[in-house]
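Since the structure comes first, as structure tokens, the remarks are kept for the end.
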Amino acid sequence: MKQINFSRIERKWQKQWESRGIFKAREGRRRKYYIVEMYPYPSGFGLHMGHAFNYTIGDVQARLRRMQGFNVLYPMGYDSFGLPAENAAIKAKSHPKRFTEQAIKNYIKQQKELGLSYDWSRLIVSHDPEFYKWDQWIFLKMFEKGLAYKKKAPVNFCKKCNTVLANEQVVNGKCWIHEDSDVEVKLLEQWFLRITDYADELYEGIDKLDGWPDLIKTLQKNWINKSHGTEIDFFVGDKIWKVFTTRADTLFGVTFLVVSAQHPDLMALVSDKQKKEVDKFLRKVRSVSDKDLVKLDKEGVFTGSYALHPLTEKRIPVWLGNFIVADYGSGMVMAVPAHDQRDFEFAKKYGLEIREVVRPKGGKKFNPKSAKEAYTGFGILGNSGGFGGLKSQEAIQHITNALEMKHKGRKAVGYRLKDWLISRQRFWGTPIPIIYCNACGIVLVLEKDLPVKLPENIKFSSKGNPLVGHDKFMRAKCPKCGKIGRRESDTMDTFVNSSWYFLRYCDPKNKKKIFDSKKANYWMPIDNYIGGKEHACLHLIYFRFYTKFLRDIGLLRFDEPVKRLFNQGMLHAADGRKMSKSYGNVVLPDEAAKKYGVDAMRMFLISVASPDKDFNWSDKGAEGSLRFVLKVMNFVDDFKNKKIKSKKMTKLQESKLHRAIRDYTDDLEVFGYNLGVIKLRALFDVLREGCDKRSLEIFLRLFSVICPHVAEEMWEKLGNRGFVSLEKWPKFDKKKIDDKLEEIENQINKLIDDIRNIIKIVKGRGKKVGRVYLYVLPQEKKNYDSEKLVGRLGIEVIIFAVNDKGKYDPEGKAKKAKPGRPGIFLE
RNA sequence: GCGGGGAUGCCGGAGUGGUCAAACGGGACGGACUCAAGAUCCGUUAGCUUAGUGCUUACCAAGGUUCGAAUCCUUGUUCCCGCACCA
């Protein structure tokens, strides 16, 4: 392939874009367009091809919208807190900041080399105190509103991370970072954010997220999992134990209660007599990992306590069970063995009473002894006091009402979503701005004292958070009484940073406020948010929560952070496996860029497949894109050197040009980049038939969003000053799109196919072909140009109208002529 | 178990009721250019048949809806992914 020094061209234009600051965003009156890619964790390994793909998707859109006249905000930042940097620092006996900032530098360099049109002046990094100060500020605000709180709870603990994790960070019972590390459940006192206060709005709002992929919406719905039901009070002694059920109709069938083995107040239920057995059981349960728990038989042990049935006043035993999820509802359930499969199995095993209260219409009596499974459907009630004869659906209403009258229950909505555990026993994160004072208890750091900065001089010991042993950090005056207290040594989950960083982009240098509301309200919500779908139930829920909270304290005027969410597909290696050093199939962006040039690489990445689908890297594919880029460059060269003369475009070409502008734009606007590239290639073929400078420049403008460096270079070559990146996006003229003309062309193509077919057949018979005679309908004669046909067929072509009197037609082929299909005679 | 997304020609991948033997790219093959190679350009790329036609087989499989299906419905096969004892 022709050798071109792409990196010279790339550097030239990258430098100019930067020195002229042409991608800087300023607030204004124009219509805004805000595009963000999920900011990356700056890994020491640098950019991989998936990053390049991700950012190219955003960059193409940003460039398009900019040229379309929008005021575009397209920023970049780094989610720089987190474990990898801390672990690297521990290993090297250094400070994570060193590693992080080196990695960031590297990222910036590599991203600039991709020609991404970020407004670098708005760069933000999470570990900057000027940024995390506002994490702490939000924490303060949440604390004031009762949304940040500390509680003892069963929490997920990863030994490898040496810290607790959020519910969302536990994957199949394993840590989200360490797939080989079983998450243990521990009972610890931790900081939480009360995201459940927003559970309903987060859930109901999903339906309004029109621009979000259905997949993400479904995942979020399942995650939050709203269910309507009844909360019922059971008395054990004089204490109320709440239970949530969606099947209040089965209340009379309750024969025991089951409490989770992880319930924090569990021991209050255990009688002295049963203590030994319970302890034994608990030891057994806790030795089994979460994942294996699912496969276990339902097992349990009697606690020794009895509860009072709220309506029948009967005494029912309270059991401890290994199958009760501690964090759903209240961690205790009412067991209805006749109508719930799990309860049924449990009751069978321990010989507990099974009481039928719901029977399907016309169904037979339920026999607890012979039955193989519970009846879990709806039906008609029996054995249910005054509720007998009601249908299940009605009974749910009536029984709930009855409970409400007695103040022993109420309508309730249950969510699977739990409060967000944000404490981390790690160093490299935002310190939680709390001071423990012996006299005053838990005290918030004052706003004026923010940020609580991470110390620079730290020593990592083999275990745990180095902040704990850092006296200077830990000793702090109590803001209330002035006595020396102890700082909170836990830091915040890194997902806290990403929950609002996109707002800081709107006003990144503000020293007085988290951001100026006017600016945020101008830029937000994000028009296009681009990132992977793995964040469906993590970041993409958290940032909705933060947005709603900041709205509620008066900073924002909108409910959702993102209008349109785009999840890019996964990029795999050429062999279809994921790119990995151990497979030896990694292709790095800087290496590929050397080989193909950045522009061809960009073009390949976005054109192999629809960008939302998974695809494989392919050297052949990249070469194909490079071929196209080279063709464009050659063409412009030849045009400039007058090797190709400027030529007025035909009406047909004009029609195709305008159609291309229209369709290409439509494709790009909805991220149909792969389809857009097809149109761009087709347009180039049209221009190659001969075109004028104006049309060629239109092409370059369209081309520039995908291949910006080459486009700038060619733009300049044609004698233009200024940047093609700042040109106006071409507009199409509907009147110039001529369907009829293009239809005629199709007919001619078909005609040529026919002629070739006949030539093939004739030649196959050993005859020679010298000349083609066409017989066209008189009104169509103007559509056919014998010179052009000769050009394509390479043999002489003579055209008659069917009614030409003196025509040469030895075989009467003129009779075969139909509209759009001339008769053909070859000899 | 529940939920989501796939299965298209040699390959990657468009296409969601007729204009589809199915875009575009890659590969392969034939031709042009050339001393030659590369690059570039043109053409072919389901089969049979035919002076431009017609037929058959085709979009995982089997049924169905329809005048008409790659496209809609049912069932099945299979692959990927998410959640998972949620009361």
Side-chain angles (χ1 to χ4, degrees), chain A residues 1-2 171-173 213-219 221-223 225-227 229-230 243-247 250 258 260 290-291 293-298 321-336 339-343 345-346 376 414-417 533-534 536-537 570 574 576 603-604 607-610 612-616 618-625 627-628 630-631 634 672 674-682 688 743 746 750-762 764-765 767 769 772 791-794 811 813 816 818 821-826:
Chain A
M1 233 168 259
K2 193 171 159 185
V171 182
N172 279 331
D214 286 337
L215 172 69
I216 302 293
K217 293 201 271 186
T218 315
L219 288 175
K221 276 204 164 177
N222 290 345
W223 186 262
N225 192 23
K226 180 179 181 180
S227 56
T230 309
V243 151
F244 178 77
T245 180
T246 53
R247 290 296 301 275
T250 63
V258 195
S260 165
D290 259 23
K291 199 183 179 184
L293 215 56
V294 179
K295 295 180 207 145
L296 289 183
D297 275 354
K298 290 167 186 39
N322 64 357
F323 65 102
I324 304 303
V325 182
D327 22 271
Y328 186 76
S330 57
M332 186 191 247
V333 299
M334 59 181 221
V336 190
H339 304 297
D340 181 282
Q341 189 56 26
R342 294 154 300 185
D343 302 345
E345 288 168 27
F346 196 80
T376 56
Y415 299 95
R416 203 187 81 116
L417 183 73
K533 41 186 162 274
E534 65 275 11
C537 297
M570 280 275 286
M603 181 171 172
F604 165 74
S607 65
V608 241
S610 177
D612 59 349
K613 293 218 168 122
D614 297 353
F615 68 100
N616 298 348
S618 148
D619 286 314
K620 289 274 180 228
E623 279 165 27
S625 296
R627 255 199 297 270
F628 180 71
L630 289 175
K631 270 196 254 180
N634 283 336
N674 56 327
L675 302 175
V677 168
I678 289 170
K679 275 128 201 170
L680 195 68
R681 283 173 176 269
R688 284 207 292 177
E743 176 54 30
N746 283 338
K750 177 80 180 112
L751 172 68
I752 287 173
D753 277 353
D754 287 344
I755 297 170
R756 283 204 176 113
N757 189 15
I758 300 168
I759 291 174
K760 208 172 91 192
I761 292 163
V762 171
R765 291 179 181 168
K767 288 185 201 161
V769 179
V772 181
R792 289 180 65 181
L793 287 163
E811 292 188 12
K813 298 290 186 192
K816 285 214 163 189
K818 285 177 209 154
R821 257 186 131 177
I824 304 167
F825 175 65
L826 265 105

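By convention in this document, chain letters (A, B, ...) are assigned in the order of the sequence lines, proteins followed by strands, and residues within each chain are numbered from 1.
Across A:Phe615 and A:Ala609, no two heavy atoms sit closer than the pair CB-CB, 4.0 Å.
No side-chain donor-acceptor contact under 3.5 Å links A:Arg821 to the backbone of A:Lys750.
Taking the side chain to side chain donor-acceptor pair (under 3.5 Å) definition, one finds that A:Arg342 meets it with A:Asp340, sequence neighbours left out.
When the side-chain nitrogen and oxygen atoms of A:Lys221 are compared with OP1 and OP2 of B:C83, none of them lie within a distance under 4.0 Å. Checking the phosphate oxygens (OP1, OP2) of B:C42, no side-chain nitrogen or oxygen of A:Arg756 falls inside 4.0 Å. Phosphate contact (OP1/OP2 of B:A14, side-chain N/O of A:Lys613, threshold under 4.0 Å): present. In terms of phosphate contacts, A:Arg681 brings no side-chain nitrogen or oxygen within less than 4.0 Å of OP1 or OP2 of B:A23. Listed pair A:Lys750 / B:U53 meets the phosphate criterion, a side-chain N or O lying under 4.0 Å from OP1 or OP2. Close to B:A87, at under 4.0 Å from its OP1 or OP2, lies no side-chain N or O of A:Arg416.
At a threshold of 4.0 angstrom between heavy atoms, the contacts of A:Leu219 are confined to the sugar-phosphate backbone, with no base atom among them.
Remark on RNA chain B: of its neighbouring residues A:Pro822 and A:Phe615, the 5'-side contact belongs to A:Phe615, judged by nearest-heavy-atom nucleotide. Both A:Val762 and A:Asp612 sit near RNA chain B, but only A:Asp612 has its closest nucleotide nearer the 5' end.
Taking the six-membered ring where the residue is Trp, A:Phe323 and A:Phe346 present tilted rings, their angle falling between 30° and 60°.
B:A21 and B:C48: their C1' atoms are spaced 14 Å apart (whole Å). A gap of 9 Å separates the C1' atoms of B:C33 and B:U40, to the nearest Å.
Counting only Watson-Crick or G-U wobble pairs whose defining distances are both under 3.5 Å, the stems of 3 or more consecutive pairs in RNA chain B are B:1-7 with B:77-83, B:10-12 with B:24-26, B:27-32 with B:40-45, B:46-48 with B:54-56, B:60-64 with B:72-76.
For A:Asn616 and B:G6, the CG to C1' distance is 15 Å, given to the nearest whole Å.
On a pure distance criterion of 3.5 Å, a polar donor-acceptor pair joins the side chain of A:Lys298 and the base of B:C85.
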